[in-house]
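The structure appears below as structure tokens.
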Amino acid sequence: HNSQQLKTAKTQAQKAYKAATAQAQAAHAVAAATINATQTAYAIEAMGTDGRNIKYLPAMLRGNKDVALAAVKKNGRALEYIDPELIGDLDIYIEIVKEAIIQDKTIFRNLPTDLQLRLDFGRIAIKDHPDFYPLISPELQKNAKIASAAVSSALPEIMYEILLSVPSSLKEDPGFMTAAVKKYPD
């Protein structure tokens, strides 16, 4: 009978310990998330109006996606100061570079060549900003899909500049030019 009571007490103590441990771990996770959110907010505020101030933040914060995005939204040139670890995640890097290019189109020319030549990156840039077309690599300008995307999403005031950048091989393509003329017949 005594041994059964000891066994029951031991089991109850183990359950209480597991519950307390789980509670402590949950509280720790909430505290860590709060600290991280607080640090992120502080870092974004500390940069002020110039995103290049990210260079003064600790590496841990320069590698934070939210901090990096905020920095390049404030100043596209902040791209050179983000933690290189972010570059390893292409989706994050493309998102950050897109924001940087919105702030300063000339950044596109300074990107690593392998990124400039990526068709998916060219399409992303052109889809949202057809005025980037003259800035993309000549290799991407020759791509009919990218050139068509630029022409089809361009506003009339930039259409002429885009058409000047289109390679002659595409300008000689009646289908390509017909599509451009149909968009703005005047």
Side-chain angles (χ1 to χ4, degrees), residues 43-44 47 49-57 59-186:
I44 292 170
M47 282 187 290
T49 58
D50 188 349
R52 291 176 298 175
N53 289 332
I54 192 173
K55 65 185 169 189
Y56 301 115
L57 296 176
M60 174 188 80
L61 291 170
R62 287 193 316 268
N64 178 291
K65 176 186 173 186
D66 296 325
V67 173
L69 279 171
V72 297
K73 283 180 180 180
K74 292 177 181 190
N75 185 323
R77 296 278 170 198
L79 183 63
E80 66 186 278
Y81 301 111
I82 66 168
D83 189 313
E85 290 294 316
L86 283 178
I87 295 169
D89 184 331
L90 190 60
D91 292 334
I92 291 173
Y93 188 60
I94 286 175
E95 187 176 348
I96 291 169
V97 169
K98 245 176 82 172
E99 284 300 328
I101 292 172
I102 290 168
Q103 298 302 316
D104 184 348
K105 289 186 248 181
T106 62
I107 287 173
F108 196 92
R109 286 277 186 214
N110 299 321
L111 292 176
T113 305
D114 60 326
L115 190 57
Q116 282 186 27
L117 295 176
R118 287 182 57 101
L119 286 176
D120 59 335
F121 191 70
R123 285 189 195 117
I124 289 168
I126 299 305
K127 178 184 171 214
D128 294 335
H129 304 282
D131 53 322
F132 290 175
Y133 184 80
L135 301 173
I136 64 175
S137 68
E139 291 83 0
L140 283 183
Q141 286 180 354
K142 291 176 189 172
N143 183 290
K145 287 183 180 181
I146 289 180
S148 294
V151 168
S152 67
S153 57
L155 296 173
E157 56 269 16
I158 63 169
M159 178 64 79
Y160 181 73
E161 182 183 348
I162 290 172
L163 288 174
L164 285 177
S165 301
V166 171
S168 57
S169 61
L170 289 175
K171 289 178 187 172
E172 293 167 6
D173 177 348
F176 179 82
M177 291 310 290
T178 301
V181 171
K182 277 184 182 176
K183 180 161 172 130
Y184 299 111
D186 298 334

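Partners of R62 according to the side-chain hydrogen bond (donor to acceptor under 3.5 Å, both in side chains) rule, which considers only residues two or more places apart in sequence or in another chain, do not exist here. Residues passing the side chain to side chain contact (heavy atoms under 4.5 Å, CB included) test with K55 are Y81, sequence neighbours excluded. Scored by the side-chain hydrogen bond (donor to acceptor under 3.5 Å, both in side chains) test, D66 finds no partners at all (sequence neighbours excluded). Partners of K74 according to the side-chain hydrogen bond (donor to acceptor under 3.5 Å, both in side chains) rule, which considers only residues two or more places apart in sequence or in another chain, do not exist here. Residues passing the side chain to side chain contact (heavy atoms under 4.5 Å, CB included) test with A149 are I126, sequence neighbours excluded. Contacts of D131 classified as side-chain hydrogen bond (donor to acceptor under 3.5 Å, both in side chains), with partners at least two apart in sequence or in another chain: K105.
Between F176 and K171 there is no side-chain heavy-atom pair separated by less than 4.5 Å.
Of all the heavy atoms in I44 and A70, the pair that sits closest is CG1-CB, 3.8 Å. Scanning all heavy atoms of the two residues, the minimum distance from S153 to P130 falls at O-CG, 3.4 Å. The two residues L170 and K142 have their closest heavy-atom pair at CD1-O, 3.9 Å. Contact record, A43 with V67: CB-CG2, 4.0 Å, taken as the closest heavy-atom pair.
Put simply, CG on L57 and CD1 on I82 are 12.5 Å apart, with the number rounded to the nearest 0.5 Å. Here T49 contributes atom OG1 and N53 contributes atom CG; the two are 7.5 Å apart, rounded to the nearest 0.5 Å.
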Would you be so kind as to tabulate the donor-acceptor pairs closer than 3.5 Å made by side chains of residues 157-168, with sequence neighbours excluded?
{"residue": "S165", "atom": "OG", "partner": "E161", "partner atom": "O", "Å": "3.3"}

